[in-house]
Amino acid sequence: MSQSIFHQTVLCQTQTVAEHQSKVSSFGKSANKGKKSVSLPINFRGNRLCVRKRKFAMGKHRHVDAIPRAVLTTNPASELSGKFNLDGNIELQVGVVSSEPGAVKQVDIEVSYNSDSLLLHWGVVHDQPGKWILPSRHPDGTKVYKNRALRTPFVKSDSGSFLKIEIGDPAAQAIEFLILDEAKNKWFKNNGENFHIKLPVKNKLPQDVLVPEDLVQIQAYLRWERKGKQMYSPEQEKEEYEAARNELLEEVSRGTSVQDLRARLTNKNKAAEVKEPSVSETKTIPDELVQIQAYIRWEKAGKPNYSQEQQLMEFAEARKELSAELEKGASLDEIRKKIVKGEIQTKVSKQLKTKKYFRSERIQRKKRDLMQLIYRNVAENIVEQFIDVPKALTVIEQYANAWEEYESGPVLSKTIYKLDDNDLLAIVTKDAGKIKVHLATDSKQPFTLHWAVSKTSSEEWLVPPATALPPGSVTLSEAAETPFKAGSSSHTSYEVQSLDIEVDDDTFKGIPFVILSDGKWIKNKGSNFYIEFGGKKQIQKDFGDGKGTAKFLLHKIAENESEAQKSFMHRFNIASDLIDEAKNAGKPGLAGILVWMRFMATRQLIWNKNYNVKPREISKAQDRLTDLLQDVYASYPQYREIVRMILSTVGRGGEGDVGQRIRDEILVIQRNNDCKGGMMEEWHQKLHNNTSPDDVVICQALIDYINSDFDIGVYWKTLNDNGITKERLLSYDRAIHSEPNFRREQKEGLLRDLGNYMRTLKAVHSGADLESAIANCMGYKSEGQGFMVGVQINPVPGLPAGFPELLEFLLEHVEEKNVEPLLEGLLEARQELQPSLSKAQSRLKDLIFLDVALDSTVRTAVERSYEELNNAGPEKIMYFICLVLENLALSSDDNEDLIYCLKGWDLALSMCKSKDSQWALYAKSVLDRTRLALTNKANLYQEILQPSAEYLGSLLGVDRWAVEIFTEEIIRAGSAASLSTILNRLDPVLRKTANLGSWQIISPVETVGYVEVVDELLAVQHKSYERPTVLIAKRVKGEEEIPDGTVAVLTPDMPDVLSHVSVRARNSKVCFATCFDPNILAHLEAKKGKLLRLEPTSDDVVYSEVKEGEFIHDKSTQLKDVDSVSPISLARKKFIGRYAISSEEFTGEMVGAKSRNISYLKGKVASWIGIPTSVAIPFGVCEKVLSDTSNQAVAERINILKKKLIEGDFSVLKEIRETVLQLNAPSQLAEELKTKMKSSGMPWPGDESEQRWEQAWTAIKKVWGSKWNERAYFSTRKVKLDHEYLSMAVLVQEVVNADYAFVIHTTNPSSGDSSEIYAEVVKGLGETLVGAYPGRALSFICKKSDLNSPQVLGYPSKPVGLFIRQSIIFRSDSNGEDLEGYAGAGLYDSVPMDEAEEVVVDYTSDKLILDGSFRQSILSSIACAGNEIEELYGSPQDIEGVIKDGKVYVVQTRPQM
């Protein structure tokens, strides 16, 4: 039980403080034995002030003399409640005695079994079956077992064993127990279940009697004291509090008066005359006034540093002073006015936040501008310059490559050692069971190899067997010497010295050697060289080309891996040497380091290979590496995310002495606790040889083993759960063979010392442990306690005010079941830390490790909350999404989209709380956008990390499965995975609330087909299916073609209803729908190969399996024979002698329908609808330009490429487009276009500069070239349209720098309802709507009979909008669009003269989202424009337009297909 109940008692009853002061003092000493003096934090619970004990200030369990002892069950009044047979002839009898219901119950237990170690394992049950409560009174000798049960020893007699238990808990309804012979580990059960004995239940407690709260508090304290002052969870505290109340109510129900209770509980004479209650007793003094008065007293006293007891006394004295004022006749209001003056309230409020002994149950988060959290640190991919520039190979590198090509056997390892100005190559292969070692050097000095063989470690030198000695070798006492020979037998052209050694004895593991040259010994950085025979898996050759990686760096890593395997010290030092090169290569370079370190951390690489290194040296090497990474983090903000990931993989390192203490302290642990042999000695030897992160797990396993009452199964579970098997323990150079085997008297000392030792291990090895990260930042000092003598870590300077208290709050709440306050505290700590993380300082890495630990704790806390969220309402789920999204944004380099998602969730939460009818619909759009953001982040990780994992994994021989899941595991370890899980829980709630259903129907066509599943539609768009096919495509961008033979496309992706692929589906009468429910989609995917009938409705797709026979007779679903499709003929367009024409001159012979339609609208639609001014470059101009003499070479090249295209070489399409861009503009074209544009009131680009005209000319050529884009070419082939006859006019318009763009279909395309207009709206230019931009547009419908009442169907989720400066756009206008039976719209490109800028969109500041009146006005205007244009043409229209400053502009219209 925490101290809160006791301290509530002190604060609420002044007399109690005085009466129990001696107990307070003893409690304080007990609770802090062996600890530094600390101030007790005080918490608010409702309006009651209480003191909460810190997690780490645990007291020991104490037995109070008043506890009854076990006695023989010889009471003849005992009523037999149960008789049982145990194990044959062993009999158990249980009797229960109670004078009356509710009184103390006596349970008599007798068993005909005699043993010195017989225990009753027991608890009582209240109103929850199976939940054991540990009663307040129990026999002497009883011990608490794992806080779950009590264990009481039986009393022996001649015939068996006996026990009497008194149960005073009035709420106890039954006693449950098992019997254990501890010495034999033998359990006696009731047919495999607990024994369950019902107890007499008291009558219902009187409801009309109230026991004063202060008496309940005192009784709760006395119960806690009787129980040995245990640590209780908040839930147990509440149970104890209610149990105390029930005990007092029980006494009242038996006739005891409240005055008698008070007298007894405050140690007053029960017989004393009952006095009239004083004024202060009849009025409760609010705790807030007591706090203020206590603060004034403390301030007047000079703000001393009070001890725990002094703090409590000060609160008691403050209450006394206020009680005295009441006695004088003052009212509470008068007292409040008297003490709450000036700045006192403010000071108290401030004090509440900063003083340790004022503590809130929930931190108050600061209001922050989320826009200040945006990081746009996008790293440029600068590694290409390293990849593209060939590195000059050294002589030995060239020789090694040639040798590998020549050698037939598998290469086990290849290492190139640097020897001052020369290199030494060592290649190990295996052929016909023999190990072959080939050595070569480019040194001109004669080399002699001084070498041996080893069977155990690199330090062992054994004389090589005679069969392994090359010619010319000389045998010495423990080695051999062999001279290198000039040249190479297999590669005579290289100027090298070489040597070959063959070893056919499998017992040898490697070759240690040094080199003698010119009387000097050459070593490997001061140590012997060592070639290992079988340490590394076979290198996988020809695995990819390393594209997208810092390939040169990965090769260096691979070359150094055999050296790195010696120890962590070697690996970290090599990594340090490579950091500069990695940094200079940009993100791919740092990705290479991360991949290498992750392969190490996941034990894909060898940690230690027969090399003895001191922990101090590992710590120093680790410090060196983390210091270098700290510098990169400070100097290159664009790399911070990946540097954080590297640091968390490497671990924190120590400060020199911390590393050495690993070695020193294990000796002290062994000495202090008399455990010098067995497992502890083996672990000691392992620690001395080479400590690793495994030691953190081993230490935790030992602590868990001891805490579990020495259950060896718990020891192995902790090890195995963390990837350490028995085989791994045996694989260490200093193997751990034994299991721990401690004595009970060692328990307390081992727990204390191993707990301290864990801090040392984590200080070196852990980068994400919260407690050690906090200690490292806040500083700690240990003097004269245990064995950590002389250790001092100074606090990191410059931390924000109040930060230590915030971290203390986290440690107190880190294990609580209700994680919401913890998450708030963790995120507040991360936010407070952000300014410090952006400043360079010597201890920056400690702050980074703290931030990593906070981040990691958020993830584990969220995972702990999943069960709670299962039954939570949408408000709570959305709040958790906000918290996790904030955490992810704080860990991301480029987080603008994430921050706007976070702002979106804040708005959705606000709408939900205010009961806005649109909240669920809006929240669904934010959810969709958040999913897109997570997808983009996953794709970015895949792009940056996976190529390096693939390439380096192949070089190092890493297990294939580990390489394949590398990026996936990185993503799963982050907040993105937790966020995705919570989004999945909210999605169905939102769909149900917003009446969205599980489907969005884009093209409602009933059909039958065979199910095929593909990853993306793009990959199969040009495929031709031979039978009717229902495609389930996991990804659909929006620009794809529908493959031949496809009768339906179902996808979880969300293309716009008016996107190209959606229009294509409707035109081709293909069923097309988005499925939002992953379970339905999974069920459909499981039907792969089956024949399904799809019957779409307005908001659902009903599907069922069809028998083959039924399908044959269904003529409506038969595929058309591709050969039977009638070709579409085009009339060849000729050059009419004009390079440019005005809109008044547009005719069918000169321009396409797009230009003619826009010309037709001008002057015929209402004046409030803007029509942009237009001119055109007519049909035939492209061909005319190609025939110009200045473009003869270009024309010839295009003709050659077109021949290849006819022959089926589709790869030339891109080359044709690139060749078109080489066309020169005839001067007449420029002059005519200039004249027409100026006469129409349009600006001429060339007036600004010649460069601006060149930009315009390039845009025109891109439009012409789009005739040969893949999508258009394959689409025309499909309908047998003669591509040669396709002509391209160019419509030239001024770009309206739009606020919004829209597309209208004047007949609802999803339902076919002609009375209803359907439209979609996006921010900025319309290319995000008609192009392949992910996310959904704002969509709405509007009845033509009520154009002022648009109905929003969905809010926007597109993360980007396109915005452009004042410019000109050149629109494609071919003669192959809007033909009968073929809709070619959208196949060809429209190109603005200036590139549009992609802007990440913040919808929470968008008037269209926030202002309902504005939204109604804009959407209604769009609907009215669509209706008017439809009436003008007399047929359904497909209309594109924009909104600028509230005005509607229509830029094109065509018949709706």
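The shown structure was predicted, so the numbers you read here are calculated from the model rather than taken from an experiment.
- If you check the side chains of Glu1320 and Ser1339, you find no donor sitting under 3.5 Å from an acceptor.
- With respect to the salt-bridge test (charged N to carboxylate O, under 4.0 angstrom), the residues Glu641 and Lys937 qualify.
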- Given the rule in the side-chain hydrogen bond (donor to acceptor under 3.5 Å, both in side chains) test, do Ser975 and Ser978 qualify, once you have shown the distances and angles that lead to the verdict? CA-CA 5 Å; Ser975 291; Ser978 305; 5.8 Å; no
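- For Asn895 (side chain) and Leu373 (main-chain N/O), a donor-acceptor pair under 3.5 Å exists by modelled atom type.
- Checking Ser1349 against Asp1346 by side-chain atom types alone, a donor-acceptor pair falls below 3.5 Å.
- Taken to the nearest 0.5 Å, the CD atom of Gln1437 stands 7.5 Å off from the CD1 atom of Ile1429.
- Using a 4.5 Å heavy-atom cutoff, the side chains of Pro1043 and Tyr1025 are in contact.
- You'll find the side chain of Leu921 reaches within 4.5 Å of the side chain of Val1352, heavy atoms only.
- Looking at Arg1066 and Ile1002, their side chains come closer than 4.5 Å, going by heavy atoms from C-beta outward.
- Residue His1060 forms a side-chain hydrogen bond (donor to acceptor under 3.5 Å, both in side chains) with just one option from Lys1037, Glu1040, Glu1041, and that option is Glu1041.
- Figure legend: cation-pi geometry between Arg1027 and Tyr1010, with NZ or CZ positioned under 6.0 Å from the six-membered ring centre and within 45° of its axis.
- A tilted orientation is assigned to the rings of Phe1274 and His1022, their planes being inclined by 30° to 60°.
- With hydrogens and angles disregarded, no donor-acceptor distance shorter than 3.5 Å links the side chain of Asp1056 to the backbone of Ser1059.
- Asp1053 and Arg1035 are not joined by a salt bridge, as no carboxylate oxygen comes within less than 4.0 angstrom of a charged side-chain nitrogen.
- Checking side-chain atoms of Asp916 against main-chain N and O of Cys912 turns up no donor-acceptor pair under 3.5 Å.
- A donor and an acceptor atom, one from each side chain of Asn936 and Arg931, are nowhere located under 3.5 Å apart.
- Side-chain polar atoms of Thr1097 and Glu1095 form no donor-acceptor pair below 3.5 angstrom.
- A donor-acceptor pair under 3.5 Å is formed between the side chain of Ser1310 and the backbone N or O of Ile1001.
- Minimum interatomic distance between Ser1024 and Asp1044 (heavy atoms only, all atoms of both residues): OG-CB, 3.5 Å.
- Stacking of Lys1358 on the aromatic ring of Tyr1333 is not recorded, the 6.0 Å distance cut-off and the 45° axial limit not both being met.
- Counted by atom type alone, Thr1029 and Glu1012 present zero donor-acceptor pairs between their side chains at under 3.5 Å.
- Side-chain contact between Asn1308 and Ile1341 is present, with heavy atoms from C-beta onward closer than 4.5 Å.
- With contacts defined as side-chain heavy-atom distances shorter than 4.5 Å, the pair Tyr1300/Asp1406 qualifies.
- Using a cutoff of 4.0 Å between basic side-chain nitrogens and carboxylate oxygens, Glu1105 and Arg1093 are not scored as salt-bridged.
- Here OG of Ser1104 is found 9.5 Å from NZ of Lys1087. Values are rounded to the nearest 0.5 Å.
- When atom types are taken as modelled, the side chain of Glu1016 and the backbone of Val1036 share no donor-acceptor pair closer than 3.5 angstrom.
- Using a 4.0 Å cut-off between charged side-chain N and carboxylate O, Lys876 and Glu820 make a salt bridge.
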Quiz: residues 1415-1424 side-chain donor-acceptor pairs under 3.5 angstrom, not counting sequence neighbours:
unit_1	atom_1	unit_2	atom_2	d
Arg1415	NH1	Leu1408	O	3.1
Arg1415	NH1	Ile1409	O	2.8
Gln1416	NE2	Asn1348	O	2.4
Ser1420	OG	Leu1347	O	2.7
Ser1420	OG	Asn1348	OD1	3.1
Ser1421	OG	Ser1417	O	2.9

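- Between the side chain of Ser1311 and the backbone N or O of Asp1313, at least one donor-acceptor pair lies under 3.5 Å.
- Judged by the 6.0 Å distance and 45° axis criteria, Arg985 is positioned over the aromatic ring of Tyr866.
- Using a 4.5 Å heavy-atom cutoff, the side chains of Ile881 and Leu979 are in contact.
- A ring-centre distance under 6.0 Å is not found for His1305 and Tyr1318.
- Inter-residue side-chain proximity for Phe1340 and Val1321 is flagged as met; some heavy-atom pair is nearer than 4.5 Å.
- Judged purely by atom type and a 3.5 angstrom limit, Thr1307 has no side-chain atom pairing as donor or acceptor with the backbone of Pro1436.
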Indicate every side-chain donor-acceptor pair of residues 898-911 with a distance under 3.5 Å to a residue at least two apart or in another chain.
unit_1	atom_1	unit_2	atom_2	d
Tyr900	OH	Glu896	OE2	3.1
Lys903	NZ	Asp1402	OD2	2.8
Trp905	NE1	Thr930	OG1	3.0

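- Looking at Ser980, its side chain never comes within 3.5 Å of a backbone N or O of Ala977 through a donor-acceptor pair.
- No side-chain donor-acceptor contact under 3.5 Å links Tyr941 and Glu968.
- Atom CG of Leu883 and atom CD of Glu824 lie 6.5 Å apart (nearest 0.5 Å).
- A salt bridge is absent between Glu1316 and Lys1344; no separation between the charged side-chain nitrogens and carboxylate oxygens falls under 4.0 Å.
- Between Leu934 and Leu888 there is a side-chain heavy-atom pair separated by less than 4.5 Å.
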